[in-house]
Amino acid sequence: MYERMIHKVKDGIQPIFSGFNRKKLKNTDFTIISNNCWGGKCYEYYGLIKQSPTVGMYFFADDYIRFIIDLEKYLSMDLEIISADKSKYYNELERRGQLDVPIGILGDIEVIFLHYNNPEIVLNKWKRRVQRINWKNIIYKFSYMNGCNDSLLSEYEKFVVDKKAFVFVPKRYQQYKNSIVIPGNQNGEIVNDTFYWNKYFDVTRFINEDKIVLTYKE
C-alpha cells in the first residue's frame, strides 16, 4: 500500500519533469513493443506520445512470443473484444480478480486490457496507436512473468538477436546478454516490473545507444 501511494504521487508530478527527461534523448521517434504496461510508463516519463498499441495491457507469455514473431500479421488484423468468460485464460483471470476487464482477440492470441473498462475506448486507442508505429525503430521488451518459462525465454532471445531488445529476468542467465535481473520474485516469476520500471538499468542510455548499463550491483 505504501509503495502504491508513493508511485501515485510520483505519477502526479512526473509531467513537471518530463520535458527535462526528454531532452536527454537523442531520438524521440521510437515504438516499444512490450509484454505489459512498461512501455506506457516509459513514454509518460519522457512526455512522449504513445507510438505503440501495447499500452495499458498485458500478454500472457506464449501469446506475446507469437505476437512479436508475426507482428505485422497480427497488427493487420481487426481487434475483437470479448468478455473474460470467453477467454482461454478464464481460470487465471478469475484467480487474479480480472474478470471485468476487456479482452482483445487477434487471431489466436489474447490481449488483456488491464487498465481499461470501456471496449470502445480500447478499440479506438488500439487503432490510433497501431498507425503511429515506427517500423524502422522498434524496441522489444519482455519479462519473465505471466506464464513464462525457459523455453519461451529462449524463443525470445533467438528472435531479438539482431534487434534492439531486452528482457527482465528473476535470475542471471549468462547466455543472454540483454537480460536484466530484477531481484525478488514469486514462484520463479517476476511479480511487477512497472513500479520501478527504470530502477535497474539506464533506460535513456539504452534508447540512445542500444546499450544495457545496470544501475545496481547484482
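These numbers were taken from a predicted model, which means no experiment stands behind them.
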Practice item. Could you tell me whether the side chain of Tyr43 reaches within less than 4.5 Å of the side chain of Ile49, counting heavy atoms only? Key: no
Review point. Under the 3.5 angstrom rule, does the side chain of Thr215 hit a backbone N or O of Asp202 as a donor-acceptor pair?
Key: no
Practice item. Take Lys141 and Asn35 through the test side-chain contact (heavy atoms from CB on, under 4.5 Å) and record every step on the way to the result. Key: CA-CA 7 Å; Lys141 177 268 172 188; Asn35 65 298; 2.8 Å; yes
Check your understanding: So does Asn187 have more than 12 non-hydrogen atoms from other groups sitting under 6.0 Å from CG?
Key -> no
Review point. Does Glu189 use its side chain to pair, donor to acceptor, with the backbone of Gly147 at less than 3.5 Å?
Key: yes
Review point. Side-chain heavy atoms under 4.5 angstrom apart, residues restricted to Ile, Leu, Val, Met, Phe, Trp, Tyr: same cluster for Val167 and Leu214?
Key: yes
Exercise for review: Take atom NZ of Lys73 as the centre, draw a 6.0 Å sphere, and report whether it contains more than 12 heavy atoms from other residues, nucleotides or ligands.
Suggested key: yes
Review point. Do other residues, nucleotides or ligands put more than 12 heavy atoms under 6.0 Å from the NZ atom of Lys127?
Key: no
Practice item. With rounding to the nearest 0.5 Å, note down the distance linking CG in Asp150 to CD in Glu155. Key: 12.0 Å
Point to revise | Val203 vs Trp38 side-chain heavy atoms within contact, under 4.5 Å | key: yes
Practice item. Kindly indicate, with the supporting measurements, whether the criterion side-chain contact (heavy atoms from CB on, under 4.5 Å) is fulfilled by Phe159 and Ile65. Key: CA-CA 9 Å; Phe159 172 74; Ile65 298 302; over 6 Å; no
Review point. Between Trp197 and Tyr46, what is the ring plane arrangement, given parallel below 30°, perpendicular above 60°, and tilted in between?
Key: perpendicular
Review point. Quick one: are Met57 and Asn36 in side-chain contact, heavy atoms under 4.5 Å?
Key: no
Check your understanding: At their closest point, which heavy atom of Ile109 faces which heavy atom of Lys88, and how far apart are they?
Key -> CA-NZ, 4.3 Å
Exercise for review: Give a yes or no on this: more than 12 heavy atoms of other residues, nucleotides or ligands lie within 6.0 Å of atom NZ of Lys211.
Suggested key: no
Check your understanding: Roughly how far, to the nearest 0.5 Å, is the CG atom of Asn134 from the CG atom of Asp29?
Key -> 4.0 Å
Review point. Is there a side-chain contact between Tyr156 and Tyr64, using heavy atoms and a 4.5 Å cut-off?
Key: yes
Point to revise | Val160-Trp135 co-clustered via ILVMFWY side chain contacts under 4.5 Å | key: yes
Check your understanding: Tyr89, Phe59: one ILVMFWY side-chain cluster at the under-4.5 Å cut-off?
Key -> no
Check your understanding: Taking C-beta and beyond as the side chain, do Ile103 and Ile112 meet within less than 4.5 Å on heavy atoms?
Key -> yes
Review point. Are Phe60 and Tyr58 close enough that their ring centers fall under 6.0 Å?
Key: yes
Exercise for review: Measure the CD1-CD1 distance between Ile180 and Ile212 for me, rounded to the nearest 0.5 Å.
Suggested key: 4.0 Å
Practice item. Look only at the side chain of Thr31 and the backbone of Gln51, and say whether a donor-acceptor pair between them is shorter than 3.5 Å. Key: yes
Review point. Is there a side-chain contact (heavy atoms from CB on, under 4.5 Å) between Tyr90 and Asp85 once you walk through the steps?
Key: CA-CA 6 Å; Tyr90 175 82; Asp85 63 302; 4.2 Å; yes
Point to revise | Approximate separation, where rounding is to 0.5 Å, of Tyr196 OH and Lys41 NZ | key: 11.5 Å
Review point. In terms of side-chain geometry, is the basic nitrogen of Glu92 or Arg95 positioned less than 4.0 Å from the acidic oxygen of its partner?
Key: yes
Review point. For the residue pair Val169 and Tyr144, what are the closest heavy atoms and their distance?
Key: CA-CB, 4.2 Å
Exercise for review: Go through the structure and list residues passing salt bridge (Lys or Arg N to Asp or Glu O under 4.0 Å) with Asp108, not counting sequence neighbours.
Suggested key: Arg66
Practice item. Please check if atom CG in Asn208 has more than 12 non-hydrogen atoms from other residues, nucleotides or ligands closer than 6.0 Å. Key: yes
Check your understanding: Are Leu79 and Leu71 joined in one hydrophobic group, where the rule is that I, L, V, M, F, W and Y side chains link up if heavy atoms are under 4.5 Å apart?
Key -> yes
Exercise for review: Please report the shortest heavy-atom distance between Ser52 and Ile32, naming the atom on each side.
Suggested key: OG-O, 2.6 Å
**Study point:** Where Tyr45 and Asn21 come nearest, the two heavy atoms and their spacing
**Key:** O-ND2, 3.0 Å
**Study point:** Shortest non-hydrogen contact between Ile81 and Pro102, atoms and distance
**Key:** CG2-CB, 4.0 Å
Review point. Any side-chain heavy atom of Arg22 sitting closer than 4.5 Å to one from Thr28?
Key: yes
Exercise for review: Could you tell me the separation between the CD1 atom of Ile182 and the CG atom of Asn192, rounded to the nearest 0.5 Å?
Suggested key: 8.0 Å
Review point. Given the rule that I, L, V, M, F, W and Y join up when any side-chain heavy atoms are under 4.5 Å apart, are Ile190 and Tyr176 in one cluster?
Key: yes
Check your understanding: How long is the gap from CG on Leu48 to OG on Ser18, to the nearest 0.5 Å?
Key -> 8.5 Å
Practice item. State, yes or no, whether a side-chain contact exists between Glu157 and Asn178 at a heavy-atom distance under 4.5 Å. Key: yes
Exercise for review: Starting from the C-alpha separation in whole Å, work towards a yes-or-no answer on side-chain contact (heavy atoms from CB on, under 4.5 Å) for Glu44 and Lys50.
Suggested key: CA-CA 8 Å; Glu44 290 167 5; Lys50 296 178 173 69; 3.3 Å; yes
Check your understanding: Within a reach of under 6.0 Å around CD of Gln175, are more than 12 heavy atoms found that belong to other residues, nucleotides or ligands?
Key -> yes
**Study point:** For Lys86, all residues meeting side chain to side chain contact (heavy atoms under 4.5 Å, CB included), sequence neighbours excluded
**Key:** Ile82, Ser83
Practice item. Could you verify whether a donor N or O on one side chain and an acceptor N or O on the other, from Arg172 and Ser179, lie under 3.5 Å apart? Key: yes
Exercise for review: State, yes or no, whether a side-chain contact exists between Trp126 and Val55 at a heavy-atom distance under 4.5 Å.
Suggested key: no
Exercise for review: Identify the heavy atoms of Thr194 and Cys37 that sit nearest to each other, and give their distance.
Suggested key: CG2-C, 4.0 Å
